[in-house]
Amino acid sequence: MTELLILVGLLVAVFVGYNIGGSSTGVAFGPAVGSRAVRKVTAGALFTVFAFLGAWTIGRKVITTMSSEIVDPAAFTPAASVGVLFFIGLALLISNLYGVPASTSMTAVAAIVGLGLATGTLNTALMFTILSAWIVAPLIAVFTGAFIRRYLYPHLDAKFEFGRLRNPLIAVDTQGRLPRLSINDTVSPRDLAGSALVVAIACYMGFSAGASNAANAVAPLVGNGSLDPSPAILLAIGAISVGGFTIARRTLATVGNDITEMPILAALIVSSVGATIITVLSWLGIPASLAVSTTSCIIGLGWGRASRARTLTEIIRQSPADESAPQFTTGALKLHPIENKKDVAAGPTVGELAAGKTPNPDRQHASGEGVSSVGEIDPEELSAEGLFHHAAAARVVTLWVITPMMSLVGSYVLFSLLG
């Protein structure tokens, strides 16, 4: 019976890894696919390689935390491991079916917490640390994004222009016996460099995703001694790879085109900030959500954009009844409209690149002249195109709340009844 449960546990772990691949690939490579820098198949391959590197190095610390420190390892009986993995996989599957990149680490930790609460083995001190990190990390992402967008982004946008890709960067000729690859000959050197940077940051995100998420699929099996860490990582990455090549197509479309039409420069900033936060937390052994960190940075960029219309002194002195000032709400999260008549137009958005729209031809280059100072922007011009597509954003946030709750409640109820 024990051997049968271990076999079932392995199968469920593969199921969980499959859904993690579907979710995390979209988070990491959505902007790269949306901008046509890579195809979905290429995204799956690159994500697999860099997720393996992250899991094999930094990810071992996260596996140790989730397999032996959140709850007593003795609680991970073969039956308990199957139950925990089942609820993780079920919650992630529902999220992936809606095309939403779920918070895999939060979902996995929630299932383990349900087991700990039901069996009385929860390490409350460690959970306090993890929950604190889950609060602090998004705040860091928000304030980092706000600072960059308020003070640095216009100058960066004046110096770096990423052009529009009408066709995929890599062309595939399938007319011969063997497929032949070639670089799109219509791409300028500047656009080629920009696309390479987008892909490089996506690979960095894949590394951080592997470091944080591999443990979500196999930690219970490592905790009960069914697998050693190294074979567990190979199993997790193999399953994640399958998900990256299949079910990830929906989340790649959601992140690349549906949630936001984000300028390529902003996408690079968001990816870099989010991946760095998760890499640091993984190095500390703390499981955390890449999706939440990146979205928090997007919100910070929006707030930084809106706040450029006022100096810090004016913001502090602003009366609540002052309707002329920008309001820091979801509707006011404006990222890339022209900031005044002399300002620099933003680069093409991910959505524009995918749709083949033409970027603003009046963009100024390299000199940085014409970039407005903080407080010189007409607040009325903040009503231009918004950062979020509200319906898609609402769907994402709703699923981020539902999936961990489903995992926690289901796990707690099951193990309370079994106990």
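With hydrogens and angles disregarded, no donor-acceptor distance shorter than 3.5 Å links the side chain of Ser24 to the backbone of Gly21. With hydrogens and angles ignored, the 3.5 Å screen pairs a side-chain donor or acceptor of Thr48 with a backbone N or O of Gly44. Checking side-chain atoms of Ser212 against main-chain N and O of Ala288 turns up a donor-acceptor pair under 3.5 Å. For the pair Asn123 (side chain) and Leu126 (backbone), a donor-acceptor distance under 3.5 Å is present. Checking side-chain atoms of Thr65 against main-chain N and O of Gly285 turns up a donor-acceptor pair under 3.5 Å. Remark: side-chain polar atoms of Thr121 are not paired, donor with acceptor, to backbone N or O of Leu117 under 3.5 angstrom. Between the Thr42 side chain and the Val38 main chain, no donor and acceptor come within less than 3.5 Å of each other. Distance alone, capped at 3.5 Å, is enough to place a donor-acceptor pair between the Ser296 side chain and the Val292 backbone. Not a single donor-acceptor pair under 3.5 Å links the side chain of Lys61 to the backbone N or O of Leu284. Using modelled atom types, no side-chain atom of Ser226 and backbone atom of Val222 make a donor-acceptor pair closer than 3.5 Å.
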Show your working on side-chain contact (heavy atoms from CB on, under 4.5 Å) between Ile240 and Phe52 and close with a plain yes or no. CA-CA 9 Å; Ile240 288 172; Phe52 169 75; over 6 Å; no
From CA spacing to verdict: side-chain contact (heavy atoms from CB on, under 4.5 Å), Thr107, Asn216: CA-CA 8 Å; Thr107 301; Asn216 301 334; over 6 Å; no
Decide yes or no on side-chain contact (heavy atoms from CB on, under 4.5 Å) for Thr104 and Ser289, but give the supporting numbers first. CA-CA 7 Å; Thr104 53; Ser289 171; over 6 Å; no
How far apart are the C-alpha atoms of Phe29 and Cys203, what are their side-chain angles, what is the distance that settles it, and do they pass the side-chain contact (heavy atoms from CB on, under 4.5 Å) test? CA-CA 8 Å; Phe29 278 86; Cys203 292; 4.0 Å; yes
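To the nearest 0.5 angstrom, Leu4 atom CG is 9.5 Å from Ile6 atom CD1. Taking CD1 from Ile237 and CZ from Phe50, the interatomic distance works out to 13.0 Å, rounded to the nearest 0.5 Å. Here CG of Leu152 is found 7.5 Å from NE2 of His155. Values are rounded to the nearest 0.5 Å. To the nearest 0.5 Å, atoms OG1 (Thr276) and CD1 (Ile201) are separated by 8.0 Å. Of the inter-residue distances, the one linking Glu69 atom CD with Thr129 atom OG1 reads 10.5 Å to the nearest 0.5 angstrom. Here Ser411 contributes atom OG and Met406 contributes atom CE; the two are 12.5 Å apart, rounded to the nearest 0.5 Å.
When each of Thr77, Leu11, Val8, Leu10 is checked for a side-chain contact (heavy atoms from CB on, under 4.5 Å) with Val82, only Val8 meets the rule. Applying the side-chain contact (heavy atoms from CB on, under 4.5 Å) test between Val84 and each of Leu414, Leu115, Val71 identifies Leu115 as the sole match.
Residues Thr246 and Tyr18 form a side-chain contact, since some pair of their non-hydrogen atoms from C-beta on lies under 4.5 Å apart. Using a 4.5 Å heavy-atom threshold, the side chains of Ile278 and Ser282 count as touching. Between Asp228 and Pro231, some side-chain heavy-atom pair lies under the 4.5 Å cut-off. For the pair Leu290/Ser208, a side-chain contact is recorded, criterion being any heavy-atom separation below 4.5 Å from C-beta on.
When all heavy atoms of Gly274 and Thr294 are compared, the pair lying nearest together is CA-CG2, 4.0 Å. Heavy-atom minimum distance, Leu221 versus Ser81: CD2-CB, 4.3 Å. Closest heavy-atom contact between Ser272 and Tyr204: O-CE2, 4.0 Å. Nearest heavy atoms, Gly244 versus Thr25: CA-OG1, 3.4 Å. In terms of heavy-atom proximity, Val109 sits nearest to Pro287 at CG2-CG, 3.6 Å. Taking all atoms of both residues into account, the shortest heavy-atom contact from Val33 to Ala43 is CG2-CB, 3.8 Å.
For the 3.5 Å distance criterion, the side chains of Asn213 and Ser105 qualify, holding a donor opposite an acceptor.
Other residues, nucleotides and ligands place more than 12 heavy atoms under 6.0 Å from the CZ atom of Phe15.
Aromatic pair Phe143/Phe147: centroids not less than 6.0 angstrom apart.
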